[in-house]
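Both backbone and side-chain heavy atoms feed into the values below; hydrogens, waters and symmetry mates do not. Here is how names work: the chains are called A, B, and so on, in the same order as the sequence lines, proteins then strands, and each is numbered from 1.
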Amino acid sequence: MPELPEVEVTRLSFADRIAGAQILAVRLGKPLRWPLHGDPEALTGRCVLGVRRRGKYLLVDLDQGLLLLHLGMSGSLSFSLHPTEPGKHDHFDLRTSQGVLRLNDPRRFGAVVLVSGEEDAVAQKLLGKLGMEPLDAGFDPLRFRQGLLQRKAPIKQVLLAGDVVVGVGNIYASEVLFLAGIRPTTPAMRLSRPRVKKLHQAICDVLARAVKRGGSTLQNFSNADGEAGHFQLDAMVYGRGGMECKVCATPIRAIRQGQRTTFFCAKCQKT
DNA sequence: AAAAGCCCCTGGATGC
DNA sequence: TGCATCCAGGGGCTTT
């Protein structure tokens, strides 16, 4: 479910309210993608300093240690004072003095990992190879192009891989390439400077706009308050296989790239 | 080093 | 209504 905008909207919806809270107890449901790594009992008594984001990971800073959260494909967080009884897909509760942070994740591709800090070997394994943050000032067209020039793989797959730029998931990858007029199969290294600049612009615009609107609600995204996003991502190509391109009426094509579906318009996206 | 496949898991939609 | 099949927003790991 969550690409960068959804993760960021989730963060914004509870970061201020959980900051300063003391952890009272932890409840674990079914196993998630990885074990917690640390002792859940040891979390009790620690304090939450704040919540940051790196790519699609949320980093919950503690006065001692760091909690890494990932929502996987189907995860969502809620933060509430009086939570309901845990449901069958509620697999992690962090009970604090200021509310309960709960991870609901039917498919359990998500994760909660307790590490000592960002330099921790386990944390490095997960965060160490992440690319540039698309909403940060450090993400500029020149550095972006430098990253792409090393890669012969199709641009769509390079975007998804997240080692050049993070946060662009399967939906936004198709959308962003459509806006930039770039064919998803084009080798990343073959993109000219002006086309990389256009792609850079599209990534910045689309992601920033989605965060501002509260995340897309393509299916059922909701933030940690349980509010649905206000932004019906009105997709130009994603999920529109066989339908007419909104610009030129050519049928949108759906192809398979690395076990994921890509959508594009063969006329608007030449190479 | 980079690229291509595999796999983790559940649920909803579709087709017979 | 029941059952099989396919597909889904991610990404680490193993193999080429």
Take the protein atom [atom1] of [X] and the nucleotide atom [atom2] of [N], then report the distance between them rounded to whole Å.
| X | N | atom1 | atom2 | answer |
| --- | --- | --- | --- | --- |
| A/Leu149 | B/dA2 | CG | C1' | 15 Å |
| A/Arg256 | B/dG5 | CZ | P | 12 Å |
| A/Lys88 | B/dC9 | NZ | C1' | 12 Å |
| A/Asn170 | C/dC7 | CG | P | 13 Å |
| A/Leu160 | C/dG10 | CG | C1' | 9 Å |
| A/Leu126 | C/dC13 | CG | C1' | 12 Å |
| A/Leu130 | C/dG10 | CG | P | 14 Å |
| A/Lys30 | B/dC9 | NZ | C1' | 9 Å |

Side chain proximity check, A/Leu59 to A/Leu127, heavy atoms < 4.5 angstrom: yes
Nearest heavy-atom neighbours spanning A/Arg183 and A/Ile155: O-CG2, 3.5 Å
Whether over 12 other heavy atoms sit under 6.0 Å from A/Arg195 CZ: yes
Phosphate contact ([N] OP1 or OP2) by [X] side-chain N/O below 4.0 Å:
| X | N | answer |
| --- | --- | --- |
| A/Thr261 | C/dA8 | yes |
| A/His89 | B/dG11 | yes |
| A/His70 | C/dG10 | no |
| A/Lys152 | B/dA2 | no |
| A/Arg260 | C/dG9 | yes |

Between B/dA3 and C/dG9 - C1' atom distance, rounded Å: 23 Å
B/dC6 versus C/dC6 - spacing of their P atoms, nearest Å: 15 Å
Test salt bridge (Lys or Arg N to Asp or Glu O under 4.0 Å) applied to A/Asp90 and A/Lys30, A/Arg102, A/Arg27, the passing residue: A/Arg102
Options [options], nucleotide nearest the side-chain atoms of [X]:
| X | options | value |
| --- | --- | --- |
| A/Arg151 | C/dA8, C/dG10, B/dA3 | B/dA3 |
| A/Pro106 | B/dA2, C/dA8, B/dG11 | B/dG11 |
| A/Arg108 | C/dG9, C/dG12, B/dT10 | B/dT10 |
| A/Trp34 | C/dG10, B/dA3, C/dG12 | C/dG12 |
| A/Tyr57 | B/dG11, C/dG9, C/dG12 | C/dG12 |
| A/Gln150 | B/dA2, B/dA3, C/dG12 | B/dA2 |
| A/Gln259 | B/dT10, B/dG5, C/dG11 | B/dG5 |

Sugar-phosphate only, base, or nothing, as touched by A/Gly258 at under 4.0 Å among non-hydrogen atoms: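 Since no nucleic acid heavy atom lies under 4.0 Å of A/Gly258, the category is nothing.
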Base B/dC9 to side chain A/Arg107, donor-acceptor N/O within 3.5 Å cut-off: yes
DNA chain B base-pair string [pairs: Watson-Crick or G-U under 3.5 Å; |: paired with another strand]: .|||||||.|||||||
Aromatic stack A/Phe109/B/dC9: centroid gap under 5.5 Å, interplanar angle under 30°: no
Proximity of A/Phe264 and A/Phe178 rings by center, below 6.0 Å: no
Side-chain (A/Gln269) to main-chain (A/Ala266) donor-acceptor, under 3.5 angstrom: no
A/Gln22 (side chain) donor-acceptor with A/Cys47 (main chain) under 3.5 angstrom: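 Not at all, since once roles are kept as given, no pair shorter than 3.5 Å links the two residues.
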Polar contact flag, side-chain donor to acceptor under 3.5 angstrom, A/Gln201-A/Asp205: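 Side-chain D/A pair, A/Gln201 to A/Asp205: present.
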Toward the 5' end of DNA chain C, by each residue's nearest nucleotide, A/Lys125 or A/Gly167: A/Gly167
Qualifying side chain to side chain donor-acceptor pair (under 3.5 Å) pairs, either residue in residues 241-255 of chain A, two or more places apart: A/Asp234-A/Lys246
Contact nearer the 5' end of DNA chain B, comparing A/Arg33 with A/Pro154: A/Pro154
